[in-house]
Amino acid sequence: MKYYEALENGKIRCLLCRHHCILKDGQVGICSVNMNKNGELVNLVYGHPSSINVDPIEKKPLFHFLPGSGVLSFGTVGCNFKCPFCQNWQIAHTNKVNDSVYVSPQEMVKLALEYNCKSIAYTYNEPSIFYPYARDVGVLAKEKGLKNVFVTNGFESVYEIEDMKDWVDACNVDLKSFKPEYYKKVLKGNLEDVLDTIKRLHDVGIWQEITTLIVPQDNDSEEELTKIAEFIASVSTDIPWHISRFHPDYKVQDKPATPMETMIKAYEIGKKAGLKYVYLGNVALPVVTYCPKCNEELIVRTIYRVEKNILQIDNQGVARCPTCGEVIPGVWK
């Protein structure tokens, strides 16, 4: 697969994300890790993870995807956004690649199998910028019966999404705001592109859950939260919405943690918009998947641990509420 277009005078256009950076020879893109080297795109982080860990899948967060299973998670360095509240800023906002660490795609898949993981997550920093590495891992993982998960800011290029449908099983997409100017000025992204990605991921059949980190005074108004919830519902009321509680980090140390009243308000807004599955994140409370038809407690989680799961899953992987038979969407086996 070719990740760039050749232009005149040795320039190339990178196709890995929506920035579509045009690069002269020797130049890197906004992400700082993809370079034009003699008229070809070279991914400088290929094979060089900055972090590898076995996580519960609930930490991604994915709640309708292989609940209770382990996922081998890894990331590299760099990002195509500049979020000032980034919680992984030590790796996302640096271009320092540790060349002394090399993990081949084969070795990454072997690690996942050794640790009895059911899937591999491309996470910690933005996976679209290390897509050549992720894809090589992911294709091998599929061959071994593993599933693949993207935890992403939703700035994948259309070209990339078309390829993802063949090997990515699930995504958690950050929808950080519903203000175009906030995306442009603060995050250095584009809202319309992220919304387009969410629609396209749904259309190509990749399971999707959406996370919104609620930052006080930035995106916590009732009007904005309503717009976010109504947009998600317009794509599908089956998409789970994770409302995540902000805590001070990186360049944003002057704001308090999100008040619980705001979190509860956002939950109510999501339900009012018609979303069937709304979850609070970064809170010290049990998180429950309720049947949207009869309100049965189907899955109960406490700090990423599944304490209860009474879903009935058939041989085709269809999950139902044992009380009323309602189909619960997701990837369950």
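What's counted below: heavy atoms across the whole structure, side chains too, no hydrogens, waters or symmetry copies.
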Are Y290 and Y279 an aromatic pair, judged by ring center distance below 6.0 Å?
no
Please determine if K308 and E297 form a salt bridge, counting it only when a charged side-chain N lies under 4.0 Å from a carboxylate O.
yes
Are the side chain of Q208 and the backbone N or O of V173 linked by a donor-acceptor pair below 3.5 Å?
no
Taking the side chain from E58 and the backbone from G68, do they hold a donor-acceptor pair closer than 3.5 Å?
yes
Audit row: H242, F63, ring-ring contact (aromatic ring centres under 6.0 Å, His included) steps and yes/no:
CA-CA 9 Å; H242 299 263; F63 284 1; 4.7 Å; yes
Tell me whether the guanidinium CZ or amine NZ of R135 lies under 6.0 angstrom from the six-membered ring centre of F130 and within 45° of its axis.
no
Using the ring centroid of each side chain, check whether Y124 and F74 are separated by less than 6.0 Å.
no
Under 4.5 Å between side-chain heavy atoms, counting indirect links through other Ile/Leu/Val/Met/Phe/Trp/Tyr residues: same cluster for M35 and I22 or not?
no
Audit row: R245, T262, side-chain hydrogen bond (donor to acceptor under 3.5 Å, both in side chains) steps and yes/no
CA-CA 9 Å; R245 193 180 191 194; T262 304; over 6 Å; no
Which word best sums up how the rings of W167 and F150 line up, parallel for under 30°, tilted for 30 to 60°, or perpendicular for over 60°?
perpendicular
Decide, yes or no, whether a salt bridge links D196 with R200 under the criterion of side-chain N to carboxylate O below 4.0 Å.
yes
Strictly distance-based, threshold 3.5 Å: is any side-chain N or O of N38 a donor or acceptor partner for the main-chain N or O of E40?
no
Would R13 and Y4 count as a cation-pi pair here, with the cationic atom under 6.0 angstrom from the ring centre and within 45° of the axis?
no
Evaluate C17 against E156 for side chain to side chain contact (heavy atoms under 4.5 Å, CB included), listing each step before the verdict.
CA-CA 4 Å; C17 84; E156 285 82 3; over 6 Å; no
Expected output: side-chain T258 to main-chain V215 donor-acceptor under 3.5 Å:
no
Take a 6.0 Å sphere around CD1 of I303 and say whether it holds more than 12 heavy atoms from other residues, nucleotides or ligands.
no
Which distance, rounded to the nearest 0.5 Å, do you find between the CD1 of I243 and the CG of L280?
5.5 Å
Under a 3.5 Å threshold, yes or no: a donor from one side chain and an acceptor from the other, between N282 and S244?
yes
Contact check, side chains of N36 and L41, non-hydrogen atoms, under 4.5 Å:
no
Should we say atom NZ of K37 is surrounded by more than 12 heavy atoms from elsewhere, each under 6.0 Å from it?
no
Would you check if there is a donor-acceptor pair between the side chains of N172 and T211 at a distance under 3.5 Å?
yes
Would you mind reporting whether V101 and P49 have side-chain heavy atoms less than 4.5 Å apart?
yes
Do F65 and L275 share a hydrophobic cluster (ILVMFWY, side-chain heavy atoms under 4.5 Å, transitive)?
no
Sidechain-backbone polar pair: T212 side chain, I214 backbone, donor-acceptor under 3.5 Å:
no
Is there a donor in the side chain of T76 and an acceptor in the side chain of N125, or the other way round, less than 3.5 Å apart?
yes
Would you mind reporting whether H20 and S157 have side-chain heavy atoms less than 4.5 Å apart?
yes
From I239 CD1 over to I210 CD1, what is the distance, rounded to the nearest 0.5 angstrom?
4.5 Å
A side-chain contact here means heavy atoms from C-beta on lying under 4.5 Å apart; do N95 and V77 qualify?
no
With a 3.5 Å cut-off and no angle check, do the side chains of Y182 and D218 form a donor-acceptor pair?
yes
Check against side chain to side chain contact (heavy atoms under 4.5 Å, CB included), V151 and V149
CA-CA 7 Å; V151 181; V149 172; 4.3 Å; yes
Are D55 and K60 close enough for a salt bridge, meaning some N to O gap below 4.0 Å?
yes
Within a reach of under 6.0 Å around NZ of K271, are more than 12 heavy atoms found that belong to other residues, nucleotides or ligands?
yes
Do S104 and E107 have side-chain atoms, one donor and one acceptor, less than 3.5 Å apart?
yes
Looking at C291 and C324, what are the two nearest heavy atoms and their distance?
SG-SG, 3.5 Å
Mind checking the OH-CG spacing from Y183 to N153? Nearest 0.5 Å is all I need.
7.5 Å
Does a salt bridge link E223 with K227, judged by any charged N lying under 4.0 Å from a carboxylate O?
yes
So, the side chain of H19 versus the backbone of N80: is there a donor-acceptor pair under 3.5 Å, distance only?
yes
Flag side-chain contact, heavy atom, 4.5 Å: N219 against K176
no
Test side chain to side chain contact (heavy atoms under 4.5 Å, CB included) on D163 and M1 and set out the steps.
CA-CA 9 Å; D163 184 69; M1 184 177 174; 3.4 Å; yes
Validation row: C171, W207 side chains within 4.5 angstrom (heavy atoms):
no
Do the rings of W332 and H64 sit parallel, tilted or perpendicular, given the 30° and 60° boundaries?
tilted
Here the gap from Y159 atom OH to E5 atom CD, rounded to the nearest 0.5 Å, amounts to 8.5 Å
May I have the step-by-step check of side chain to side chain contact (heavy atoms under 4.5 Å, CB included) for K82 and I30, ending in yes or no?
CA-CA 10 Å; K82 305 298 178 187; I30 289 170; 4.3 Å; yes
So if you build clusters from Ile, Leu, Val, Met, Phe, Trp, Tyr with side-chain heavy-atom gaps below 4.5 Å, do Y102 and V109 land together?
yes
Do L195 and F178 come within less than 4.5 Å of each other through their side chains, counting heavy atoms only?
yes
CD1 of I328 to CD of E326, rounded to nearest 0.5 Å, is 5.5 Å
Between the side chain of E114 and the main-chain N/O of L111, is any donor-acceptor distance below 3.5 Å?
no
Treating N34 as the side-chain partner and I129 as the backbone partner, does any N or O pair qualify as donor plus acceptor under 3.5 Å?
yes
Nearest heavy-atom approach of P67 to N309 is CG-ND2, 3.7 Å
Tell me whether the count of non-hydrogen atoms from other residues, nucleotides or ligands lying under 6.0 Å of CD in E222 goes above 12.
no
Could you check whether any side-chain heavy atom of L113 comes within less than 4.5 Å of a side-chain heavy atom of L146, counting everything from C-beta outward?
yes
Would you say the side-chain atoms of R18 and S128 include a donor-acceptor pair closer than 3.5 Å?
no
Run the salt-bridge test on D25 and K11 with the 4.0 Å N-O cut-off and return the result as yes or no.
no
I264 reachable from V287 in the ILVMFWY side-chain graph, under 4.5 Å edges:
no
With a 6.0 Å cut-off (strictly less than), is the heavy-atom count around OH of Y115, excluding the residue itself, greater than 12?
no
Residue pair N43 / Y133, side-chain donor-acceptor N/O under 3.5 Å
no
Ignoring hydrogens and angles, state whether a donor on the side chain of S234 or E230 is under 3.5 Å from an acceptor on the partner side chain.
no
Side-chain donor/acceptor of N88 to backbone N/O of I91, under 3.5 Å:
no
Find the distance between OG1 (T323) and CG (L298) and round it off to the nearest 0.5 Å.
7.5 Å
N/O donor-acceptor pair under 3.5 Å between K255 side chain and P216 backbone:
yes
